[in-house]
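These notes are about the structure you will find just below.
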There are 2 protein chains.
Amino acid sequence: MWSRPRKAPRQTLTLERIVAEAVALLDEEGADRLTMRRLAERLDTGSTTLYWHVKTKDDVLDLALDAVFGEVPLPDPAGGWQAAVRELIGGWRAALLRHPWSATMLDRPLMGPNALERTEFLYQTLTGAGFTAPQAAAYSLSNYVMGSVVMQVTWQDRDDEDTGAFLRERAGLYPALAEHGLDHEWDATFDEGLGYLLTGMRQAGKPKTGRLD
Amino acid sequence: MWSRPRKAPRQTLTLERIVAEAVALLDEEGADRLTMRRLAERLDTGSTTLYWHVKTKDDVLDLALDAVFGEVPLPDPAGGWQAAVRELIGGWRAALLRHPWSATMLDRPLMGPNALERTEFLYQTLTGAGFTAPQAAAYSLSNYVMGSVVMQVTWQDRDDEDTGAFLRERAGLYPALAEHGLDHEWDATFDEGLGYLLTGMRQAGKPKTGRLD
DNA sequence: TCCACTACTAGACCATCGATCCGGTCACTC
DNA sequence: GAGTGACCGGATCGATGGTCTAGTAGTGGA
C-alpha cells in the first residue's frame with residue numbers, strides 16, 4: 001500500500017475523505033460493520049467508486065489505522081528520555097483506546113508514515129539515552145503497548161458481570177485468578193507495568209554506559 | 001446390499017475431531033482459509049453438520065485457540081518464581097508461534113479452560129513469590145507475550161527484502177529505525193525484554209516484602 | 001414387533017460481502 | 001470541439017456464514 005504511487009486527486013471524492021469517513025464509521029459501529037457498501041453510502045457514492053481511489057478494502061484499513069497513529073503526539077525530548085518514552089507510549093495507548101477497533105488491526109504491518117514516525121522517534125529517544133542497541137528496548141515497549149491495548153479492549157467492554165460471575169463460579173478451579181484478577185484499574189496497572197520495563201531498561205543499561213538515568 | 005457402502009459408524013464426528021481438524025487446517029492454510037465448508041470437506045461431511053456440534057464459526061475459533069494454549073506446559077514451580085515465569089511465558093510464546101494464525105485471534109476473550117489454567121498458574125506463581133497484588137505483574141507479562149507474538153508473526157514472514165528495501169530507501173526520514181530496527185534476532189530480543197520486566201518486578205517488590213529474588 | 005425419539009447428516013437456499021465488468025459522464029487540454 | 005483520462009455507478013460474480021427443510025440410522029420402551 002505505502003509503496004504504491006499515489007493517484008492524482010480530482011475533487012469530490014478524495015482519499016482523505018474516504019479515510020476520515022472510514023474512521024468515523026469504525027468509531028461508531030465497529031470493525032465488522034465496515035463494508036465498502038456502507039462506507040460508500042455514507043460518502044454518498046457507489047461502492048465501485050471507492051475502488052478507484054483504493055485497491056482493496058485492506059487499503060482502507062491500513063489508512064485508517066495509520067490515521068489513528070497520527071493522533072499520537074510526539075513528546076518534547078527535553079524532559080529526559082524516560083519522560084519522553086512515557087509520554088509517547090501513553091499517547092500511543094490513548095490513541096488506540098480512543099479507537100478500539102484499531103486493536104484488532106495491530107496484526108498488520110505498521111508501515112504508514114505516522115506509525116513509522118512514532119517508531120523512529122522511539123528509536124531516536126533510546127539511542128539518545130545511551131542505548132547502543134535500542135532494538136530490544138523499543139521492541140519491549142511497543143509490544144507492551146500493543147498487548148495492553150488488545151487486552152483492555154478485549155475485556156473492558158465485555159460484561160464485567162458475566163466474566164466476573166463466570167470466574168467466581170469457578171473460584172475453586174482458579175482461586176488466585178478469581179481473587180486478584182477481576183477488578184481492573186486499567187490506567188494504573190498500565191503505568192505500573194511500564195514502570196517495570198523502564199526500571200529494567202535502566203538497570204540493564206547502567207553498567208555499560210552509565211548514562212541511563 | 002453388499003455393494004452399498006457401509007454407513008460410517010456412529011460417533012464419527014465429535015467436537016474433538018472438529019477442533020483438531022480446524023487446527024490442522026489453520027496450520028496448513030492460515031486463518032483466512034478456514035471456512036466452514038472447507039472444514040466440513042476435510043472432515044468428509046457437510047457444512048451443516050458442523051453446526052450441530054457448534055453454534056457458530058467463532059466457537060470453532062475459540063476452541064482452536066484454547067487448544068493451542070493446551071500445548072503450553074505448566075512449569076515445575078520448584079525452580080523459583082522467576083524460572084517458572086520464564087518457562088511459562090516462553091512456552092506460551094512458543095505455542096503461539098507454532099500456530100501463527102493464533103496471533104490474529106488474541107483479541108477475543110481467553111476464557112477456555114486451557115488458557116485459564118495457565119493464567120491461574122501465573123497468578124499463583126506471582127502470589128507465591130510475594131507479590132501481594134500480582135495483577136500488574138501478570139498483566140505486564142501476558143501483554144508482553146501477546147504483543148511479542150503479534151509483532152513477530154506480523155513481520156517475520158513478510159518479505160524481509162521488501163520491508164528492508166522500503167526502509168532503506170527512506171533512511172533519510174527514519175535514520176535510527178533503518179540503522180537499528182532491521183535485523184531481528186527474535187528469540188534473543190524477546191528474552192532481553194522479558195529480563196527487563198523481571199528486573200523491574202524484582203525491584204518494585206523488594207522494599208515491600210523482601211522476598212522477591 | 002413396532003414406534004417414537006435422539007443423534008446426526010445433507011442439499012437447497014438466503015443475505016451479504018469484496019471485488020470486477022462494462023458502460024457511462026465530466027472537466028480539462030490541444 | 002474532439003478527445004483523453006479522471007471519475008462514477010448499476011449489475012453481477014463467486015464465496016461466505018448461517019438457516020430451513022427433509023431426511024436416516026440406531027436405541028429404548030411398550
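Computed from a predicted model, the values in this text were never measured in an experiment. By convention in this document, chain letters (A, B, ...) are assigned in the order of the sequence lines, proteins followed by strands, and residues within each chain are numbered from 1. Computed from heavy atoms alone, side chains included, the values below leave out hydrogens, waters and symmetry copies.
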Return the set of residues passing side-chain hydrogen bond (donor to acceptor under 3.5 Å, both in side chains) with A:Ser102 (not counting sequence neighbours), or none when no residue passes.
none

I'd like to check the side-chain hydrogen bond (donor to acceptor under 3.5 Å, both in side chains) partners of A:Arg42; sequence neighbours left out, ordered by chain and number.
A:Glu21, A:Glu28

Output the single nucleotide from C:dA10, D:dC8, D:dG18 whose closest atom is nearest the side chain of A:His53.
D:dC8

Report the nucleotide, chosen from C:dC8, D:dG18, C:dT20, that has the shortest atom-to-atom distance to any side-chain atom of B:Trp52.
C:dC8

Any donor-acceptor pair under 3.5 Å linking the side chain of A:Asn143 with the backbone of B:Tyr144?
no

Whole-Å distance between [N] [atom2] and [X] [atom1]?
{"X": "B:Leu50", "N": "D:dT19", "atom1": "CG", "atom2": "P", "value": "13 Å"}
{"X": "A:Leu15", "N": "D:dA6", "atom1": "CG", "atom2": "P", "value": "16 Å"}
{"X": "A:Asp32", "N": "D:dG17", "atom1": "CG", "atom2": "C1'", "value": "13 Å"}
{"X": "B:Asp44", "N": "C:dC8", "atom1": "CG", "atom2": "C1'", "value": "15 Å"}
{"X": "B:Tyr51", "N": "D:dG18", "atom1": "OH", "atom2": "C1'", "value": "5 Å"}
{"X": "A:Lys55", "N": "C:dA19", "atom1": "NZ", "atom2": "P", "value": "9 Å"}

Going by the salt bridge (charged side-chain N to carboxylate O under 4.0 Å, His left out) test, which pairs reach into residues 30-39 of chain B, not counting sequence neighbours?
B:Glu29-B:Arg33

Nucleotide N/O to protein N/O under 3.5 Å, stretch nucleotides 11-16 of chain D:
{"from": "D:dT16", "atom 1": "OP1", "to": "B:Arg38", "atom 2": "NH2", "distance (Å)": "2.9"}

Please, which pairs that meet ring-ring contact (aromatic ring centres under 6.0 Å, His included) have at least one residue in residues 24-66 of chain B, sequence neighbours excluded?
none

Give me each pair satisfying side-chain hydrogen bond (donor to acceptor under 3.5 Å, both in side chains) with a member in residues 88-100 of chain B, each pair once, sequence neighbours excluded.
B:Asp27-B:His99, B:Glu71-B:Arg98, B:Glu71-B:His99, B:Arg93-B:Gln152, B:Arg93-B:Asp187

